[in-house]
Structures are given as structure tokens and as C-alpha cells.
Amino acid sequence: MGNLRDFWNNYKGIIIGVIIAILILVTRLYNLIVAVILIFLGAFVGNYVQQNKEEVKEKIKRFIDRI
């Protein structure tokens, strides 16, 4: 019984992580997670562009000139 307890104490984080990953895959929750990440990324980029309009315009101009 000590062996099982030592195993659990050493690897419980991995075991719980694997169980959560399996649940996410089985319930197709990863689609929701990806959507939420994309929403936050879009909000971050939009806020950055709004706060730094002139700098972003210059970067876009330089990028287009290179092409």
C-alpha cells in the first residue's frame, strides 16, 4: 500500500492533468477554449492598435514598402 501512496504523491499532478485533458477532448471543449483565446488575442491586438495608431501606421507603411 505504501508503494501506491508514494506513486500517487509523486505523480498526482500528471494523473489529474491527463484526466482533465481526456475530458476536454471527449467533450470537444477545446473548440471553446480556442475560441476564447482568439477573442482575447483579438481584443489585445485591437487595444494595442487603438493606443498606438501612429506607430502602427508607420509599421504598416514600412512593411508595404518592403513588399
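All heavy atoms count here, side chains included; hydrogens, waters and symmetry mates do not. We're numbering straight along the sequence, starting at 1.
Every residue two or more places apart in sequence or in another chain that forms a ring-ring contact (aromatic ring centres under 6.0 Å, His included) with Tyr11 is listed here: Phe7. Residues meeting the side-chain contact (heavy atoms from CB on, under 4.5 Å) test with Ile39, sequence neighbours left out: none. Scored by the side-chain contact (heavy atoms from CB on, under 4.5 Å) test, Val34 finds Leu38 as partners (sequence neighbours excluded). Considering only residues two or more places apart in sequence or on other chains, Glu55 meets the salt bridge (Lys or Arg N to Asp or Glu O under 4.0 Å) condition with Lys59. Looking at residues two or more places apart in sequence or on another chain, you find no ring-ring contact (aromatic ring centres under 6.0 Å, His included) involving Tyr30. Residues that satisfy the side-chain contact (heavy atoms from CB on, under 4.5 Å) test with Val45, not counting sequence neighbours, are Val49.
Checked options Leu23, Ile22, Leu29; the residue passing with Val26 is Ile22 (criterion: side chain to side chain contact (heavy atoms under 4.5 Å, CB included)).
Residues Phe44 and Val36 are members of separate hydrophobic clusters, defined by side-chain heavy-atom contacts under 4.5 angstrom among Ile, Leu, Val, Met, Phe, Trp and Tyr. A continuous path of hydrophobic side-chain contacts links Leu32 to Phe40 [ILVMFWY only; heavy atoms under 4.5 Å].
In this structure, CD1 in Ile19 is found 12.0 Å from CD1 in Ile14, a value given to the nearest 0.5 Å.
Hydrophobic side-chain contacts under 4.5 Å tie Ile67 into a cluster, directly or through other members, with Phe63. Cluster partners of Leu41 are absent, since no Ile, Leu, Val, Met, Phe, Trp or Tyr has side-chain heavy atoms less than 4.5 Å from it.
Residue pairs that meet the salt bridge (charged side-chain N to carboxylate O under 4.0 Å, His left out) test with at least one member in residues 41-54, sequence neighbours left out, are Glu54-Lys57.
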